[in-house]
Amino acid sequence: MFTDDKRNFRRMQVNATANLTTVEPVAGLNYTAECVDLSATGLSLHLDDLLEPDTILTVDIASTHPSIAPLKATAKVIRASKEDDGTITAGLEIIQFN
């Protein structure tokens, strides 16, 4: 059940390619990422490059998986880190669905 606390929204583990394009602060930079989970309010990604917090992106996930609908949204980077094993992760908050 969804609640007002965004951390309690149900999350779904996925394995889908996400195409990202920056909107702010610099428009037009393109990234490819692996979406590892998503919810109604955000998504978690694995990337090759570290994104700065507060970066605004367009997100396009063209999934062919039957339980994952294609997703187009504008999102904001709320966390980004490089793990000890070298994996770069980012958490994005969805601002609006496009």
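Start at 1 with the first residue, then count along the sequence.
Atom CD of E93 is separated from atom CD1 of I78 by 5.5 Å, given to the nearest 0.5 angstrom. The distance from the CD1 atom of I61 to the CD atom of E34 is 9.5 Å, given to the nearest 0.5 Å. With rounding to the nearest 0.5 angstrom, the CG atom of L92 is 8.5 Å from the OG atom of S44. From D37, atom CG reaches atom CG of L43 across 8.0 Å, with rounding to the nearest 0.5 Å. With rounding to the nearest 0.5 angstrom, the OH atom of Y31 is 6.0 Å from the OG1 atom of T22. Within the model, atoms OG1 of T87 and NZ of K82 stand 9.5 Å from one another, a figure rounded to the nearest 0.5 Å.
Using a 4.5 Å heavy-atom cutoff, the side chains of V14 and V36 are not in contact. Proximity of T32 to T17: side-chain heavy atoms (C-beta onward) are separated by under 4.5 Å at one or more points.
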- Between S81 and T89, does a side chain to side chain donor-acceptor pair (under 3.5 Å) hold up when you go through it step by step? CA-CA 6 Å; S81 62; T89 62; 3.2 Å; yes
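Atom CG of D85 has more than 12 neighbouring heavy atoms from other residues, nucleotides or ligands inside a 6.0 Å radius.
Taking every heavy atom of both residues into account, V59 and A75 meet most closely at CG2-CB, 4.0 Å.
Not one N or O on the side chain of T21 forms a donor-acceptor pair closer than 3.5 Å with the backbone of G28.
Put simply, I95 and L38 are part of two different groups of oily side chains (I, L, V, M, F, W, Y) that touch within less than 4.5 Å, one to the next.
Applying the side-chain contact (heavy atoms from CB on, under 4.5 Å) test between K76 and each of L57, D54, T55, V23 identifies D54 as the sole match.
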List, one per line, each side-chain donor-acceptor pair under 3.5 Å for residues 45-52, sequence neighbours excluded.
none

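Evaluation of the side-chain contact (heavy atoms from CB on, under 4.5 Å) rule for K72 yields D60, N98 as partners, not counting sequence neighbours.
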